[in-house]
> 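Structure below; questions to follow.
Sequence lines set the chain letters: A, B, ... in the order given, protein chains first and strands last, and positions in each chain run from 1. Side chains included, hydrogens not; waters and symmetry mates left out as well; all remaining heavy atoms used.
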Amino acid sequence: MSDTHAQTVPFVRETMLPPAQPPTNEAGAVSWLRQNLFSGPLNIALTILGLLTIYYLLQEIVPWLMRSVWEADNIAQCRQIVAERWGAGATGACWAVIRERWPQFLYGFYPQHLYWRPTLALALLFVALAPVLFSALPRRLMWFSLAYPFVAFWLLWGGSVFLPIMVAAGFVIGWAAYALLHRFGTIAAVAGAVLIPILWWLFLAGDLSRDLAGLLGRSAPLWLEPVRSDKFGGFVLAITIGVSGIALSLPLGIMLALGRRSDMFLIKALSVSFIEFIRGVPLITLLFTASLLLNYFLPPGTTFDIILRVIIMVTLFAAAYIAEVIRGGLAALPRGQYEAADALGLDYWRAQRLIILPQALKISIPGIVSTFIGLFKDTTLVVFVGLLDPLKGITDAVRASTDWKGIYWEPYIFVGLIFFAFNFAMSRYSMYLERRLKTDHR
Amino acid sequence: MANVADAPKDTFRLSMLLYDTRYRSLTIQVFVFFLFMAGAAWLVDNTMRNLEALGKDFNFGFLWNRAGYDISQRLVEYTNDSTHGRAMLVGLLNTLLVALLGCIAATVIGVIVGVLRLSKNWLVGRLMTVYVEIFRNVPLLLWILLIYAVFTEATPAPNAFRPNPETGLADRSMFLDAIAVTNRYTAVPNSVFSRELGWLDLGLFYINIDVLAVLAAAVLGWWLNRMVKARATRIQNETGVRPATWWSSVLLLLGLPVAVLLALGFHLEFPELRGFNFVGGLNVSNSFMALWLALSLYTGAFIAEIVRAGILAISRGQSEAAFALGLRPGRTMSLVILPQALRVIIPPLISQYLNLTKNSSLAIAVGYLDLRGTLGGITLNQTGRELECVLLMMLIYLAISLVISAVMNVYNAAVKLKER
């Protein structure tokens with residue numbers, strides 16, 4: 001009988017007990033410490049070792065940073081101020097060098113009254129990048145992104161506005177030729193779209209821009225004071241080379257990756273040998289080729305800008321690495337994707353554009369971004385072909401003055417922090433992109 | 001019954017070269033071939049015309065001329081009377097030396113950091129993350145210059161190690177009485193054999209026979225150990241009981257080389273301050289130390305990420321399955337986890353080794369004379385033969401890279417998942 005039991009129980013609680021606090025050593029900071037820092041003998045040893053390392057590093061760095069001097073004219077004065085304030089023998093950071101020389105670190109020897117031009121170019125770079133990086137923005141902004149390279153070129157190097165306009169016109173002409181010739185077949189259209197702009201650039205664009213510049217004179221809105229390439233330096237140079245290299249190497253890398261997986265023997269052989277050659281030699285030797293050997297390889301009497309040469313070499317270098325990263329992405333796609341594209345009757349380029357590449361590129365994002373980071377870091381190597389990179393070129397130039405002879409740590413830390421900020425931002429963006437493009441629900 | 005007409009005869013029309021996919025690839029390849037040949041011919045023609053205009057020729061005869069410059073760190077005999085070719089060899093060996101030592105140190109750092117980053121210890125995990133992020137996001141050149149500056153600016157002169165005659169105490173004392181870091185060089189103990197067996201002439205350079213003997217003993221021990229293990233496996237297959245081999249392994253792998261070392265009278269010679277300099281040990285130049293440390297720390301950060309990814313790539317089910325089969329943790333690691341993790345780790349690891357070797361060409365920033373500094377630096381400037389020097393340098397770097405890649409491909413083929 002079920003009710004007998006109920007009568008034998010003298011008391012039945014009808015309300016829930018309020019939840020009790022967990023024991024003190026199982027909650028809050030104490031339990032966190034126990035679980036994360038002191039969970040066993042090995043962990044205790046590691047924690048102590050870690051604390052010692054941090055202590056050792058901080059006791060070297062913190063006092064030095066605390067004794068910073070921001071206002072001084074030269075390093076001797078800096079040391080004198082440190083000695084006066086904190087006693088003889090004390091060492092302190094001398095940030096006065098950054099305060100006095102920061103324009104050099106950022107702009108190199110770019111003329112001082114023209115600093116607004118690279119600054120504006122950098123600001124516009126962010127505007128141009130925004131629609132590329134964030135898909136929520138209106139697509140119409142893309143037109144500005146397409147025009148940006150020509151705007152930036154004009155702002156940085158100056159001269160007549162017609163030169164970049166005429167170069168840009170070549171692309172418009174190519175597009176127009178493609179649209180007009182399309183009715184005569186794809187091959188005619190492609191040939192026209194490639195050949196006509198090349199003829200335009202080789203024979204017409206230069207003269208036309210010179211004539212227009214001569215005709216309209218050097219009036220202010222159409223003409224900017226030209227700046228020679230050897231005036232470039234510091235982060236203006238690093239960012240110019242880095243951004244151009246990044247923008248140009250991605251399409252080239254994609255083409256190389258497709259070439260390496262092509263069925264055509266010759267295309268494959270050429271792609272493989274190009275990729276393996278570039279990946280097999282250090283970037284320095286390629287930069288050497290750009291600065292020393294290009295004079296041999298080009299027709300006698302050709303001169304061509306050193307920054308442009310370096311950009312080409314850095315682009316080729318990064319493109320070979322990107323090609324390998326994308327090849328990994330292509331190989332990771334299941335065969336079914338290729339077969340499905342064939343079954344739908346898509347031709348090669350449509351299949352690549354609509355089905356294969358979107359998936360392959362998504363897989364390769366981390367690798368591509370780390371190649372970009374590598375490229376940006378490698379822009380410091382241009383110092384070995386005589387350009388003033390921010391890291392060695394400019395710091396050496398600063399140390400060459402009698403005022404700042406013997407200053408090492410502060411310039412390196414300053415330049416290192418800026419590089420870190422750029423690269424860290426890039427790697428965080430790649431993580432964001434991976435999350436956004438993630439379509440599987442694991 | 002309707003007559004079935006024969007299939008239309010496959011006549012070849014010229015337009016099929018463009019519109020028939022069977023022939024189009026051929027057309028494209030022929031087109032590309034001509035384009036490529038025209039480009040190559042254009043380059044060669046330009047080069048020949050430019051060389052002619054400069055009054056230069058293209059030959060490598062300068063490699064047999066007297067070099068006339070000194071190289072402070074050399075692994076083989078070299079004086080400034082030696083040839084440019086010899087200087088190139090010295091530079092190449094210097095490149096290989098810093099690359100080899102760098103790879104070893106970077107692997108040690110990378111494995112330790114990679115494992116520690118995964119540890120449950122919050123503090124150590126964060127510390128390692130900070131290390132990896134800082135080193136990966138800042139140019140290598142900065143690390144080389146910074147570490148070089150630490151060595152040349154923040155370390156004492158050799159004199160500081162001299163005891164004060166009154167108190168008997170020195171400003172600085174040597175680390176473990178063996179290593180002294182000074183602003184000119186780092187003095188480390190030197191290894192010597194008291195029983196010299198002489199030198200073996202290999203044409204290009206000499207090799208110490210004592211070193212060869214030790215190497216031979218190590219290889220012999222390794223080979224004998226394999227035989228012993230194979231025998232143990234055979235016995236296990238026949239009887240089901242595996243004889244203990246650990247003691248013979250220890251004897252063969254460690255005992256044999258150590259015995260040879262002892263027999264040859266191997267000992268360390270410690271550096272000692274005499275006059276203004278350390279003598280007796282090996283004085284390693286600061287440029288080498290800075291380059292080596294910077295390369296190891298920088299590449300170590302990348303290797304740490306590779307190791308971490310490799311360990312994370314093995315799903316938990318694998319170790320659970322191994323435990324379910326009754327394998328002990330040690331054997332789980334060596335038989336189940338490591339073989340799978342290594343398959344993920346080794347290919348990117350080797351490409352990091354390649355990167356390190358190529359990055360060692362940054363030695364020029366601190367004046368360490370590697371291949372880039374000798375052949376691509378002083379020799380190039382002295383002889384003015386840019387074309388030959390840079391091409392030869394590229395060829396050598398390419399050869400090193402291709403050899404390493406070939407090794408990697410062999411390894412990849414060996415450990416590849418054997419599928420259908």
> Sort R136(B) into side chain, backbone, both or neither according to what part of it lies under 4.5 angstrom from a heavy atom of chain A.
backbone

> Taking L391(A), L292(A), T380(A) one by one, which has the highest count of heavy-atom pairs under 4.5 Å against chain B?
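Looking at each of L391(A), L292(A), T380(A) in turn, L391(A) comes out on top.
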
> What's the separation between atom CG in N50(B) and atom CG in L298(A), rounded to the nearest 0.5 Å?
8.0 Å

> Non-hydrogen atoms of chain B under 4.5 Å away: do they reach the side chain of L46(A), the backbone, both or neither?
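Contact with chain B is through both the backbone and side chain of L46(A).
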
> For the pair L42(A) and N121(B), evaluate side-chain contact (heavy atoms from CB on, under 4.5 Å) and give the outcome as yes or no after the intermediate values.
CA-CA 10 Å; L42(A) 178 69; N121(B) 191 315; over 6 Å; no

> Name the region of L51(A), side chain, backbone, both or neither, that has any atom closer than 4.5 Å to a heavy atom of chain B.
both

> Identify which part of A149(B) has an atom lying under 4.5 Å from any heavy atom of chain A, answering side chain, backbone, both or neither.
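Both backbone and side chain of A149(B) come within 4.5 Å of chain A.
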
> Passes side-chain contact (heavy atoms from CB on, under 4.5 Å), N43(A) versus W122(B)? Steps please.
CA-CA 10 Å; N43(A) 256 343; W122(B) 181 86; over 6 Å; no

> Can you tell which of M393(B), M128(B), M48(B), E133(B) has the highest number of heavy-atom pairs within less than 4.5 Å of chain A?
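So the answer, after comparing M393(B), M128(B), M48(B), E133(B), is E133(B).
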
> Hey, could you give me the CZ/OH distance between R49(B) and Y296(A), rounded to the nearest 0.5 Å?
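Atom-to-atom, R49(B):CZ and Y296(A):OH are 15.5 Å apart.
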
> For D378(A), is it the side chain, the backbone, both, or neither that has a heavy atom closer than 4.5 Å to a heavy atom of chain B?
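Looking at D378(A), nothing touches chain B.
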
> Heavy-atom distance under 4.5 Å to chain A: side chain of L26(B), backbone, both or neither?
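L26(B) has no heavy atom closer than 4.5 Å to chain A.
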
> Where does L54(B) contact chain A at under 4.5 Å (heavy atoms): side chain, backbone, both or neither?
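Only the side chain of L54(B) comes within 4.5 Å of chain A.
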
> Once you round to the nearest 0.5 Å, how far does CG of L387(B) lie from CG of N295(A)?
11.0 Å

> Would you mind checking which part of V138(B) comes under 4.5 Å of any heavy atom in chain A, side chain (CB onward), backbone (N, CA, C, O), both or neither?
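Both parts, backbone and side chain.
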
> Hey, which of F265(A), F297(A), F419(A) has the most heavy atom pairs under 4.5 Å with chain B?
F297(A)

> Using non-hydrogen atoms only, which part of N359(B) is less than 4.5 Å away from chain A: side chain, backbone, both, or neither?
neither

> Please identify which of these residues, I267(A), L266(A), L270(A), meets the side chain to side chain contact (heavy atoms under 4.5 Å, CB included) condition with F33(B).
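Going through the options one by one, the only one that passes is L266(A).
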
> Who among V150(B), L395(B), V44(B), V30(B) has the most heavy-atom pairs with chain A under 4.5 Å?
V150(B)

> How many angstroms lie between CD1 in I364(B) and CD1 in I284(A), if you round to the nearest 0.5 Å?
6.5 Å

> Using non-hydrogen atoms and a 4.5 Å limit, figure out which bit of L127(B) sits close to chain A: side chain, backbone, both or neither.
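Side chain of L127(B) only, per the 4.5 Å heavy-atom cut-off to chain A.
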
> In terms of heavy-atom proximity below 4.5 Å to chain A, should A399(B) be classed as side chain, backbone, both, or neither?
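Neither part; nothing is under 4.5 Å.
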
> For chain B, which of F422(A), Y412(A), F277(A), Y348(A) has the most heavy-atom pairs under 4.5 Å?
Y412(A)

> Run L293(A) and E386(B) through side-chain contact (heavy atoms from CB on, under 4.5 Å) and show every step you take.
CA-CA 7 Å; L293(A) 300 194; E386(B) 297 110 1; 3.9 Å; yes

> How many angstroms lie between atom OH of Y397(B) and atom CG of L286(A), to the nearest 0.5 angstrom?
12.0 Å

> Picking from P299(A), A421(A), G416(A), G406(A), which has the most non-hydrogen pairs under 4.5 angstrom with chain B?
P299(A)

> Pick one of side chain, backbone, both or neither for I396(B), based on which atoms fall under 4.5 Å of a heavy atom in chain A.
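Interface part for I396(B): neither.
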
> Assess the residue pair M394(B) and T289(A) against the criterion (side-chain contact (heavy atoms from CB on, under 4.5 Å)); give the C-alpha distance rounded to whole Å, side-chain angles, the decisive distance to 0.1 Å, and a yes or no.
CA-CA 10 Å; M394(B) 280 184 162; T289(A) 313; 3.0 Å; yes

> If I measure from the heavy atoms of chain A, does F302(B) come under 4.5 Å with its side chain, its backbone, both, or neither?
side chain

